[in-house]
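The figures here come from the full heavy-atom set of this structure, side chains too, leaving out hydrogens, waters and symmetry mates. Residue numbers start at 1 and run along the sequence shown.
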Amino acid sequence: MATIKQLETKQSELDIIKWTDSENGTDMCGTYGYCDKCDKEKDFPCARAYYAKNAAAKTTTTKTATAKTATKKATAKK
């Protein structure tokens with residue numbers, strides 16, 4: 001998990017993006033790919049959601065890569 005400093009920095013970055021994207025008059029809160037992981041009760045909610053979403057994606061990518069490697073090894077032995 002990210003440190004408090006990392007969460008604070010990422011939250012600031014995401015707040016700027018959200019603010020800029022919302023300048024057309026539409027509140028963009030809840031519309032980003034990581035928002036499904038958001039818990040507004042916690043501090044730095046956007047940053048926590050962002051890191052949680054990316055950690056989940058990284059785990060899925062790692063599992064897929066591991067499965068592909070195992071398949072290649074099994075095929076090579078035949």
Side-chain angles (χ1 to χ4, degrees):
M1 186 53 165
T3 65
I4 296 297
K5 183 64 178 169
Q6 289 171 317
L7 289 170
E8 185 178 328
T9 300
K10 182 54 76 177
Q11 184 69 42
S12 293
E13 291 171 11
L14 296 172
D15 283 345
I16 290 168
I17 292 167
K18 189 170 43 172
W19 178 269
T20 302
D21 290 349
S22 296
E23 285 186 312
N24 67 2
T26 303
D27 184 2
M28 298 302 290
C29 183
T31 65
Y32 300 98
Y34 53 84
C35 292
D36 60 327
K37 301 280 186 187
C38 185
D39 181 354
K40 291 185 181 182
E41 297 293 317
K42 295 184 177 181
D43 57 343
F44 313 112
C46 298
R48 289 182 188 279
Y50 176 88
Y51 285 122
K53 185 72 168 191
N54 286 320
K58 187 176 182 179
T59 300
T60 301
T61 302
T62 302
K63 287 180 182 178
T64 303
T66 303
K68 285 181 181 179
T69 301
T71 302
K72 284 181 184 179
K73 286 181 181 179
T75 304
K77 288 183 180 181
K78 290 181 181 180

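- The side-chain hydrogen bond (donor to acceptor under 3.5 Å, both in side chains) search around Thr3 returns Gln6, not counting sequence neighbours.
- Contacts classified as ring-ring contact (aromatic ring centres under 6.0 Å, His included) and involving residues 24-43 (residues at least two apart or in different chains) are given here: Tyr32-Tyr34, Tyr34-Tyr50.
- Nearest heavy atom pair, residue Pro45 against residue Cys38, reads CB-SG, 3.9 Å.
- For Ala47 against Leu7, the heavy-atom pair with the smallest separation is CB-O, 3.3 Å.
- Every residue meeting the side chain to side chain contact (heavy atoms under 4.5 Å, CB included) condition with Glu8, not counting sequence neighbours, appears here in chain and number order: Phe44.
- Residue Thr26 comes nearest to Asn24 through the heavy atom pair N-OD1, 3.0 Å, listed as atom of the first residue, atom of the second, then distance.
- Every side chain to side chain contact (heavy atoms under 4.5 Å, CB included) that Thr9 has, sequence neighbours left out, goes to Lys5, Glu13.
- Note on residues 29-52: pairs passing salt bridge (charged side-chain N to carboxylate O under 4.0 Å, His left out), not counting sequence neighbours, are Asp36-Lys53, Asp43-Arg48.
- Residues Asp15 and Gln11 are in side-chain contact: their nearest non-hydrogen atoms beyond the backbone lie under 4.5 Å apart.
- Within the structure, salt bridge (charged side-chain N to carboxylate O under 4.0 Å, His left out) contacts touching residues 21-33 (residues at least two apart or in different chains) do not occur.
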